[in-house]
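Below you'll find the structure, written out as structure tokens, and then a few comments.
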Amino acid sequence: MSIWKDKYIPIFLVLIPICKLINFFITFSEVTYNSALAVAFVIDIIQGYLCWMVIHLIIKKMEKKQSTVHFSISQFLKQVFFTSLGAVVTALIVPDGSVLITGKRYTNSDGSYLLHDLITFLIWILLINFIYVFLRYYDVWKKVEENLLLEKTLKTEGLTIKIGDKNIKVALTDIHGFYVENGFTFLINSGFKTFIVESSLDKLEERLPERYFFRVNRKFILHRNAIVSFKRIEDNKLLITTLSEKPLPIELSMSRLKAPAFKKWFELDTAL
């Protein structure tokens, strides 16, 4: 699941000018409302957008390495450190609007606002990080709720599948899995009979509840009840033993990349 969606852009397009406006009122007690102030404010907003884009890219790269689903305090602190570093470097490179007001960067005319601006800047970075984490967990929660609703519906009504020119409902307990062969997708029912399904494994993977079905490899999606055991083989791959009834293969290999997720999934209590 990706969190980098267009809906996040309007939030920060509005939030950054508001934060900059508040910061102006806090920082400068005496200002002259003229064109220079307006230009300074616009420059500060542009600087804010550029800093946010840097923070956005840093969080995006960190998210690829370790999902926020398994977020920890140490990961958050690491994220804050790198985003702060990136934002500070960007702020030092990009012109600052306060120069037009005070004649100096990040200071008032008497040089008394450097610490104040630094604290405000760090609070702003923390706020952005918290917003990203909150929105990420909101997306995860929303996805979980949708999956639970889908699972409940599928458990009650079964999975609607087009077989030939008919649409039929198949109970989840009556499905051992799906596989691809010669360009066709097949369903394996509990009686080990096969039916051609007019759907790809990718589309089926999106519809099937993750609690009961796992994409073993490019050719197979199996129900938990169709898997007997697994064992580790060379290069940290897994060898999965099935019910050993054709058309199910006796054994299936799984890549080491999928192995950790499969182990966790296999150990879950998924009685259906």
Side-chain angles (χ1 to χ4, degrees), residues 1-69 71-140 142:
M1 178 187 304
S2 177
I3 70 173
W4 313 107
K5 302 174 183 177
D6 290 341
K7 69 179 181 181
Y8 290 86
I9 295 176
I11 294 175
F12 287 98
L13 286 178
V14 175
L15 182 62
I16 289 173
I18 292 175
C19 289
K20 288 293 184 180
L21 185 62
I22 294 172
N23 185 49
F24 254 61
F25 281 108
I26 293 174
T27 304
F28 305 110
S29 57
E30 296 181 3
V31 294
T32 303
Y33 295 94
N34 51 28
S35 59
L37 178 65
V39 173
F41 184 61
V42 171
I43 292 174
D44 261 11
I45 291 177
I46 293 173
Q47 185 193 64
Y49 284 143
L50 292 174
C51 288
W52 163 64
M53 289 175 63
V54 171
I55 292 173
H56 176 90
L57 292 173
I58 291 172
I59 296 176
K60 183 176 180 180
K61 286 185 177 295
M62 294 186 71
E63 168 69 13
K64 287 182 178 180
K65 292 183 179 180
Q66 185 173 357
S67 174
T68 315
V69 177
F71 211 63
S72 63
I73 297 297
S74 61
Q75 186 179 350
F76 178 74
L77 292 176
K78 186 187 297 184
Q79 178 174 304
V80 170
F81 172 77
F82 284 110
T83 53
S84 299
L85 183 62
V88 167
V89 171
T90 304
L92 290 174
I93 295 173
V94 179
D96 183 71
S98 63
V99 176
L100 295 177
I101 300 174
T102 65
K104 298 180 181 180
R105 296 195 70 178
Y106 308 113
T107 63
N108 204 347
S109 56
D110 60 358
S112 60
Y113 282 90
L114 178 61
L115 181 60
H116 173 275
D117 286 352
L118 180 61
I119 293 174
T120 304
F121 190 68
L122 292 177
I123 291 174
W124 180 71
I125 293 172
L126 278 173
L127 178 63
I128 292 178
N129 277 281
F130 276 118
I131 290 173
Y132 269 101
V133 172
F134 170 79
L135 292 176
R136 171 57 171 162
Y137 274 111
Y138 174 77
D139 276 354
V140 171
K142 188 176 179 181

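Because the structure is predicted, anything quoted here is derived from the model rather than measured.
Between the CD1 atom of I18 and the CG atom of L13 there is a distance of 11.0 Å, given to the nearest 0.5 Å. To the nearest 0.5 Å, atom CD1 of residue I55 and atom CD1 of residue I128 are 4.0 Å apart. Atoms CD and CD1, from Q47 and I43 in turn, are 9.5 Å apart once rounded to the nearest 0.5 Å. Here N129 contributes atom CG and I125 contributes atom CD1; the two are 8.0 Å apart, rounded to the nearest 0.5 Å. Atom CE of M53 and atom CD1 of I58 lie 12.0 Å apart (nearest 0.5 Å).
Side chains of I45 and Y49 form a contact here, defined as non-hydrogen atoms less than 4.5 Å apart.
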Intermediate values then yes/no, side chain to side chain contact (heavy atoms under 4.5 Å, CB included), L15 and I131: CA-CA 11 Å; L15 182 62; I131 290 173; 3.2 Å; yes
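Taking all atoms of both residues into account, the shortest heavy-atom contact from W52 to W124 is N-CH2, 4.1 Å. Of all heavy-atom pairs between C51 and A87, the closest is SG-O, 3.6 Å.
You'll find the ring centres of F130 and F76 inside the 6.0 Å limit.
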